[in-house]
Amino acid sequence: HLKTRMTSAVLVLWLGAAAGFGVAPPSVRRTVRWAEEREVVELLSLEAPRAAFLVSRWKTAVENDLALGHLPTHTHPNRDVGRLMVASRNFKEVYASCSALAVASRTSSPLDGPLEGARVVGTPRSKVGAAIAVIRDADETTDVLHLVVNPETCVDWAYAEVEIIDALRQTSDRPLRLAASARGALQASDADLRILHQRPLPAADGWLPLDDA
């Protein structure tokens with residue numbers, strides 16, 4: 001019994017740290033089991049105000065689920081509390097970015113910093129889970145600043161993440177990079193995202209190159 005209590009305590013501490021720093025714990029992150037053949041989902045451009053509205057709805061759904069505390073698997077498949085704790089902070093950051101882009105689009109005011117030249121794309125017609133990404137075309141790369149999945153309709157969270165990354169690969173004429181800060185909140189494995197590992201590892205505000213093959 002002592003060993004069980006210690007194991008539970010370690011898990012609680014890990015989930016708390018994960019929620020605080022926006023990092024998916026190993027028990028949450030997993031490898032996708034792909035079908036032999038899959039279609040590339042359609043990637044659509046989204047107006048920033050609409051994206052902000054959708055992300056706000058999804059953020060509220062995550063917060064409501066967390067308020068329940070316990071989510072039975074048969075009624076809330078693929079939405080365990082550990083995963084939602086990690087997603088919650090990420091949704092707040094993505095909502096702030098989409099809101100800033102929405103204000104800039106209404107006032108025709110250019111943004112400085114990471115959001116300079118950023119735009120929003122999504123996969124609203126996905127059968128496994130709609131996703132939204134905030135991206136930016138740099139000089140030689142397309143940078144993925146943020147990525148979130150709709151928790152209300154998601155059939156497979158990790159699959160939906162990889163699906164939108166694959167759609168970006170198909171539509172971009174530049175190599176992809178994923179913000180290290182965004183990677184921490186994703187559920188898909190490094191292998192499925194096809195992250196090209198570097199040594200030394202990038203800083204928290206660095207970039208992770210993605211294989212474009």
Side-chain angles (χ1 to χ4, degrees), residues 18 21-26 28-32 34 38 40-46 48 51-52 54-55 58 86-87 89-101 104-105 110-124 126 128-150 157-213:
F21 294 99
V23 177
V28 171
R29 190 168 289 162
R30 65 178 186 76
T31 299
V32 175
W34 298 109
R38 69 183 192 276
V40 176
V41 69
E42 184 178 11
L43 187 72
L44 301 177
S45 294
L46 299 178
L54 291 174
V55 172
W58 300 356
V86 173
R89 175 170 173 162
N90 190 38
F91 270 105
K92 294 175 183 177
E93 294 175 355
V94 180
Y95 175 68
S97 293
C98 289
S99 296
L101 290 171
S105 68
L111 291 171
D112 297 326
L115 291 178
E116 181 180 2
R119 55 194 173 91
V120 187
V121 295
T123 53
S126 169
V128 297
I132 284 177
V134 179
I135 65 173
R136 177 187 63 194
D137 290 327
D139 292 338
E140 298 181 353
T141 60
T142 294
D143 299 337
V144 182
L145 306 175
H146 299 292
L147 197 165
V148 289
V149 174
N150 181 359
W157 202 306
Y159 195 121
E161 292 171 351
V162 178
E163 191 176 53
I164 190 172
I165 290 292
D166 279 353
L168 282 166
R169 281 192 180 95
Q170 295 293 321
T171 56
S172 177
D173 57 358
R174 301 177 174 92
L176 292 183
R177 296 193 305 177
L178 175 65
S181 56
R183 198 297 169 246
L186 302 185
Q187 314 303 328
S189 69
D190 287 359
D192 280 324
L193 291 170
R194 285 153 57 186
I195 292 175
L196 297 174
H197 290 284
Q198 305 174 96
R199 291 292 184 271
L201 293 176
D205 59 349
W207 298 94
L208 298 167
L210 304 181
D211 184 7
D212 59 355

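On a predicted model such as this, the values are computed, not experimentally measured, just so you know.
The shortest heavy-atom contact between G129 and A160 is O-CB, 3.4 Å. The two residues V55 and F91 come nearest to each other via the heavy atoms CG1-O, 3.9 Å. A pairwise comparison of heavy atoms in R169 and L176 identifies CG-CD1, 3.6 Å as the closest pair. Nearest heavy atom pair, residue N90 against residue L147, reads ND2-O, 3.1 Å. Shortest non-hydrogen contact noted between H146 and A182 is CA-CB, 4.2 Å. Here the closest non-hydrogen pair linking A130 and P124 is CB-CA, 4.0 Å.
Taking L54 as the reference, R50, W58, I132 meet the side-chain contact (heavy atoms from CB on, under 4.5 Å) condition, with sequence neighbours excluded. Among residues two or more places apart in sequence or in another chain, the side-chain hydrogen bond (donor to acceptor under 3.5 Å, both in side chains) test is passed with T171 by none. Every residue meeting the side-chain hydrogen bond (donor to acceptor under 3.5 Å, both in side chains) condition with S126, not counting sequence neighbours, appears here in chain and number order: E163. Checked against side-chain hydrogen bond (donor to acceptor under 3.5 Å, both in side chains), D143 has the following partners two or more places apart in sequence or in another chain: R136, T141, R177.
How far OG1 of T142 is from CG of L145: 10.5 Å, rounded to the nearest 0.5 Å. From L46, atom CG reaches atom SG of C98 across 8.5 Å, with rounding to the nearest 0.5 Å.
A salt bridge links D190 with R183: the distance from a Lys NZ or Arg NE/NH1/NH2 to an Asp or Glu carboxylate oxygen falls below 4.0 Å. D139 and R174 are not joined by a salt bridge, as no carboxylate oxygen comes within less than 4.0 angstrom of a charged side-chain nitrogen.
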Considering only distance and modelled atom types, tabulate donor-acceptor pairs under 3.5 Å from the side chains of residues 112-123, sequence neighbours left out.
residue	atom	partner	partner atom	Å
R119	NH2	D137	OD2	3.2
T123	OG1	A131	N	3.1

(request) With side chain to side chain contact (heavy atoms under 4.5 Å, CB included) as the test, would you mind laying out the steps for L43 and L168 before giving the verdict? (result) CA-CA 7 Å; L43 187 72; L168 282 166; 3.6 Å; yes

(request) Using the side chain to side chain contact (heavy atoms under 4.5 Å, CB included) rule, take R194 and V162 through it: C-alpha gap first, then chi angles, then the decisive distance, then the call. (result) CA-CA 9 Å; R194 285 153 57 186; V162 178; over 6 Å; no

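Side-chain contact between L210 and I195: present, with at least one pair of heavy atoms (C-beta onward) separated by less than 4.5 Å. Side-chain contact between I164 and V41 is absent, with no heavy atoms from C-beta onward closer than 4.5 Å.
Listed for the E161 side chain is a donor-acceptor partner under 3.5 Å among the backbone atoms of A188.
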